[in-house]
Amino acid sequence: MTEEAQGGETDLNFVLQARRDKLDALVSAGVAPFAYGFDRSHFAAAAIALMPPPAAEGEHADGPQVRVAGRIVAWRAHGKTTFAHLMDPSGRIQLYFKKDQIGEQQYAVLDNFDLGDVIGVSGPLFRTRTGEVTVRAEKVEMLAKALRPLPFGKEEVVDGVTVRHSGFADGEMRSRQRYADLAVHPEVRRLFRARSAMITAIRGFMNELDYLEVETPVLQPLYGGATARPFITHHAALDMPLYLRSADELYLKRLIVGGLERVYEIGHDFRNEGIDKTHNPEFTMLEFYEAYADYELMMTRVEQLLVRAHGAVARVLGDGQPATGAQRATGEGNSAELPDFKPPFPRLDWLTTLSKAMGVPNVMELDTAALASAAEQAGVQKVGSLSRPKLLDELFQAHVESKIDTPTFVVDYPLELSPLAKPKRGNPALTERFELFARGKELANAFSELNDPLDQRRRFEAQAKLKAAGDDEASGVDEDYLRAMEYGMPPTGGVGIGMDRLFMYLTGTSHIRDAILFPTMRPE
RNA sequence: GACCCGAUAGCUCAGCUGGUAGAGCAACGGACUUUUAAUCCGUAGGUCGCGGGUUCGAAACCCGCUCGGGUCACCA
């Protein structure tokens with residue numbers, strides 16, 4: 001992209017220069033190339049639906065008058081007549097320009113129209129010889145001249161399936177220039193509409209249960225609630241470091257103490273770690289907390305929430321819809337069938353499942369050295385540098401998690417893995433915690449929240465010890481949180497669900513980049 | 001981070017074993033008053049990712065680098 005670097009019109013390449021020349025020609029002809037508005041009467045799909053079915057053979061009665069607006073996505077000039085297709089949010093509609101009809105002067109202006117221009121057209125509907133509902137243009141208005149060509153591919157319909165030729169396939173460019181990706185790929189627009197519908201449905205679900213939507217700090221003086229490397233920033237006036245939150249958890253639970261007994265937040269968390277297919281440095285998290293609930297109740301909440309989210313996505317994408325844009329671009333074909341699941345989800349007990357998978361009576365009875373060698377066997381790297389909790393977690397990932405396909409709860413994690421969870425009734429070495437897995441990925445994490453401030457202090461101190469020993473993901477002691485808990489926190493159930501991952505699961509999207517409008521990328 | 005693959009016209013790509021670049025679409029000019037991947041004729045468009053090396057000669061071979069993709073690892 002050298003033209004940006006060089007700037008100046010003389011350096012524009014010939015393609016961009018041609019567009020500028022047309023812009024100048026429009027201005028010379030008295031056409032304002034950037035309009036202030038347009039009174040659209042119908043979307044394309046609605047206009048097409050207005051037209052009565054084909055009349056008797058050979059009859060070409062005009063239909064009602066419409067005013068449509070959108071982007072030019074196809075242009076076929078035939079001398080004194082021109083066909084074009086206009087795209088708007090509802091779909092496409094064909095336009096027909098005839099020199100006799102719109103006059104020599106207006107017809108000449110069409111020479112300065114290009115693919116990608118935003119125009120408004122008014123005129124009556126009619127059917128062409130092939131039966132396609134078309135606007136016979138009586139008046140055409142330039143609304144926004146495109147000075148840069150959009151990477152449209154040509155399309156044809158073969159046996160009812162739209163086949164796209166060439167086009168915009170570079171995944172990196174599609175993420176960097178999401179505006180262009182959206183502009184040329186209706187299926188990408190539809191995918192992100194489905195994402196929006198999913199979030200809206202989840203809000204509706206929480207609100208119906210009398211949960212209060214709240215906002216807690218993104219800038220935090222201490223980070224906690226998740227084990228991850230934080231982003232650090234600096235507040236100039238206070239001259240102190242602040243951390244971008246890696247979780248909302250500790251603030252939401254302060255609200256439970258305050259008597260807001262059901263709260264939720266949907267917002268971005270930030271983790272200063274690698275970027276890959278399932279990790280973006282900022283991502284959308286839903287957390288919700290409910291007083292007087294335990295993890296059993298929270299499992300049913302999660303099940304219901306997934307059903308609602310699935311329904312919302314299905315309504316936008318429809319059943320058996322063709323592939324998402326991401327899949328089309330990567331040639332994955334029409335495999336994006338929505339997942340099929342029904343509550344209640346199966347439950348696997350952490351300890352017995354892992355012990356069984358490893359062929360030992362009880363993994364918790366193995367000493368650290370034995371865990372390390374088992375982890376090494378399972379393909380875990382750098383086992384020597386891992387703490388006991390980490391080894392357990394790695395073993396679980398390797399032996400169990402990665403093999404879970406349909407939504408499944410894993411319950412009762414070891415206490416040492418879960419610093420914010422309440423000990424399990426009847427077995428204090430475990431906690432009342434569950435995670436939800438599907439397609440080998442974690443979708444949710446939840447517990448009966450620890451509400452004993454003395455126990456919580458001991459857990460924090462154990463974390464602080466790990467941190468002092470070099471585990472830079474462990475958190476420290478959050479005294480203010482402990483103070484809140486000392487005022488008395490009712491028993492509480494809490495859940496965190498990664499919205500990006502949930503959406504990926506529901507839509508069969510394999511890369512998180514394709515589930516986020518503007519994923520984090522290295523600068524160009 | 002390791003290994004593999006890739007980077008050529010605005011887009012999608014081809015370019016065999018080294019002889020200084022090609023197609024389709026888009027663009028530009030022309031013909032065409034119901035086309036729809038419109039068609040037909042013509043034109044223009046490239047520091048072949050960057051740097052070095054081998055060679056009479058490099059898009060191609062070698063080395064390094066940058067960026068991207070995949071797989072694995074890491075990120076509970």
Side-chain angles (χ1 to χ4, degrees), chain A residues 1-3 12-19 21-22 60 73-85 92-102 107 111 114-116 126-132 134 136 148-158 162-176 180 184 226-229 246 271-281 283 329-330 379-383 385-387 389-398 401 410 413-414 416-419 433 435 442 445 471-474 510-511 513 521-524:
Chain A
M1 295 293 127
T2 52
E3 74 273 13
L12 296 174
N13 74 35
F14 69 101
V15 176
L16 299 185
Q17 188 58 53
R19 300 260 174 155
D21 292 345
K22 289 180 179 178
H60 296 292
V73 294
W75 190 262
R76 298 178 293 280
H78 300 78
K80 298 182 181 66
T81 189
T82 295
F83 286 91
H85 273 92
R92 305 169 153 234
I93 188 166
Q94 184 167 251
L95 309 174
Y96 177 57
F97 303 95
K98 198 166 147 189
K99 195 172 187 175
D100 292 350
Q101 188 119 27
I102 64 171
Y107 197 81
D111 281 345
D114 284 301
L115 247 41
F126 76 108
R127 278 182 196 277
T128 62
R129 193 181 286 162
T130 58
E132 179 165 353
T134 301
R136 176 181 288 121
R148 183 179 289 273
L150 278 165
F152 284 111
K154 291 206 166 191
E155 289 183 356
E156 66 176 327
V157 177
V158 179
T162 301
V163 179
R164 191 168 290 153
H165 299 273
S166 57
F168 195 33
D170 182 327
E172 187 201 345
M173 292 307 282
R174 290 178 48 237
S175 296
R176 284 192 190 283
V184 304
T227 315
R229 221 167 84 191
S246 57
R271 297 187 185 174
N272 204 344
E273 282 156 359
I275 298 175
D276 66 20
K277 281 171 87 156
T278 55
H279 296 84
N280 196 62
F283 58 98
T330 55
V380 178
Q381 301 205 335
K382 293 185 252 171
V383 288
S385 65
L386 298 179
S387 60
K390 280 247 193 189
L391 284 169
L392 287 169
D393 196 61
E394 291 289 343
L395 283 165
F396 191 78
Q397 267 189 42
E401 266 182 47
V410 172
Y413 282 65
E416 48 198 322
L417 280 178
S418 316
R433 172 183 179 187
E435 295 199 316
E442 176 190 340
N445 182 23
D471 185 347
D472 59 357
E473 288 172 354
S510 59
H511 204 302
R513 193 182 58 193
M521 301 192 78
R522 197 185 292 273
E524 287 179 76

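The analysis underlying the following values was restricted to heavy atoms, covering all of them including side chains, and did not include hydrogens, waters or symmetry mates. Each chain gets a letter, A, B and so on, in the order the sequences are listed, and its residues count up from 1.
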Straight-line distance of [X] [atom1] to [Y] [atom2], nearest 0.5 Å:
X: A:R148; Y: A:D114; atom1: CZ; atom2: CG; answer: 14.0 Å
X: A:K98; Y: A:K80; atom1: NZ; atom2: NZ; answer: 12.5 Å
X: A:M521; Y: A:N280; atom1: CE; atom2: CG; answer: 10.0 Å

Distance between [atom1] atoms of [N] and [M] (Å, rounded):
N: B:G45; M: B:A9; atom1: P; answer: 15 Å
N: B:C63; M: B:C4; atom1: P; answer: 11 Å
N: B:G19; M: B:A37; atom1: P; answer: 40 Å
N: B:C3; M: B:A59; atom1: C1'; answer: 26 Å
N: B:G6; M: B:G42; atom1: P; answer: 36 Å
N: B:U54; M: B:C62; atom1: P; answer: 15 Å
N: B:A7; M: B:G46; atom1: C1'; answer: 15 Å
N: B:C16; M: B:C11; atom1: C1'; answer: 26 Å

Dump every N/O contact between nucleotides 31-33 of chain B and the protein below 3.5 Å, one line per pair.
| unit_1 | atom_1 | unit_2 | atom_2 | d |
| --- | --- | --- | --- | --- |
| B:C32 | N3 | A:G79 | N | 3.2 |
| B:C32 | N4 | A:G79 | N | 3.0 |
| B:U33 | N3 | A:D100 | OD2 | 2.8 |
| B:U33 | O4 | A:D100 | OD1 | 2.4 |
| B:U33 | O4 | A:D100 | OD2 | 2.4 |

- Query: Using a cut-off of 4.0 Å on non-hydrogen atoms, how would the nucleic acid contact of A:N445 be classed: base, sugar-phosphate, or nothing?
  - Reply: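 The answer is nothing, as A:N445 stays clear of every strand by at least 4.0 Å.
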
- Residue whose nearest RNA chain B nucleotide is more 5′ - A:L115 or A:P151: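 Upstream on the strand: A:P151.
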
- Message: Here's a test of your reading of the structure: between A:E401 and A:A74, which maps to the more 5' nucleotide of RNA chain B?
- Response: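 It is A:A74, whose closest nucleotide lies nearer the 5' terminus.
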
Nucleotide nearest [X] (side chain, heavy atoms from C-beta), chosen from [options]:
X: A:L417; options: B:A27, B:A76, B:U34; value: B:A76
X: A:Q94; options: B:U36, B:U34, B:C74; value: B:U36
X: A:R129; options: B:U36, B:C74, B:U35; value: B:U35
X: A:A18; options: B:C74, B:U34, B:C28; value: B:C28

Sequence neighbours left out, what passes side-chain hydrogen bond (donor to acceptor under 3.5 Å, both in side chains) with [X]? Give chain and number order.
X: A:T134; result: A:Q94
X: A:D111; result: none
X: A:E401; result: none
X: A:H78; result: none

- Task: Could you pull out all residues at least two apart from A:K277 that satisfy side chain to side chain contact (heavy atoms under 4.5 Å, CB included)?
- Result: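 With neighbours one apart ignored, the set is A:H511.
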
Name all residues meeting the salt bridge (Lys or Arg N to Asp or Glu O under 4.0 Å) criterion together with [X]; count only those two or more places apart in sequence or in a different chain, and write none if there are none.
X: A:E416; result: A:R388
X: A:D393; result: none
X: A:R92; result: A:E155
X: A:E435; result: A:R433

Rounded off to whole Å, could you give me the [atom1]-to-[atom2] distance for the [X] and [N] pair?
X: A:R136; N: B:U35; atom1: CZ; atom2: P; value: 14 Å
X: A:L16; N: B:A26; atom1: CG; atom2: P; value: 17 Å
X: A:D276; N: B:G1; atom1: CG; atom2: P; value: 14 Å
X: A:F168; N: B:C25; atom1: CZ; atom2: C1'; value: 16 Å
X: A:L95; N: B:A38; atom1: CG; atom2: C1'; value: 16 Å
X: A:R174; N: B:C11; atom1: CZ; atom2: P; value: 15 Å
X: A:F97; N: B:U36; atom1: CZ; atom2: P; value: 17 Å
X: A:Q17; N: B:C28; atom1: CD; atom2: P; value: 12 Å

Any strand counts, and the cut-off is 3.5 Å on both contacts for Watson-Crick or G-U wobble. Which nucleotide pairs with [N]?
N: B:G6; answer: B:C67
N: B:U55; answer: none
N: B:U33; answer: none
N: B:G1; answer: B:C72
N: B:A60; answer: none

- Message: Would you say A:R76 places a side-chain N or O within less than 4.0 Å of OP1 or OP2 belonging to B:A38?
- Response: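 Checking A:R76 against B:A38: at least one side-chain N or O falls below 4.0 Å of OP1 or OP2.
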
- Item | Presence of A:K22 side-chain N/O under 4.0 Å of B:C28 phosphate oxygens OP1/OP2 |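 For A:K22, the contact criterion (side-chain N or O under 4.0 Å from OP1 or OP2 of B:C28) is met.
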
- Message: If I compare all heavy atoms of A:Y413 with all of A:L417, which pair ends up nearest, and what's the gap?
- Response: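 Between these two residues, the closest heavy atoms are CD2-CD1, 4.2 Å.
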
- Check: A:E132 side chain, B:U35 base, donor-acceptor under 3.5 Å: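 Counting by modelled atom types and ignoring angles, no donor-acceptor contact under 3.5 Å is found here.
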
Check nucleotides 45-47 of chain B against the protein and report each pair of N or O atoms closer than 3.5 Å, with its distance, or say if there are none.
none

- B/S/- along nucleotides 65-71 of chain B (protein heavy atoms under 4.0 Å) is --SSSSS

- Item | Close side-chain approach of A:Y96 to A:Q101, heavy-atom, < 4.5 Å |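 SC-SC contact between A:Y96 and A:Q101 ruled out.
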
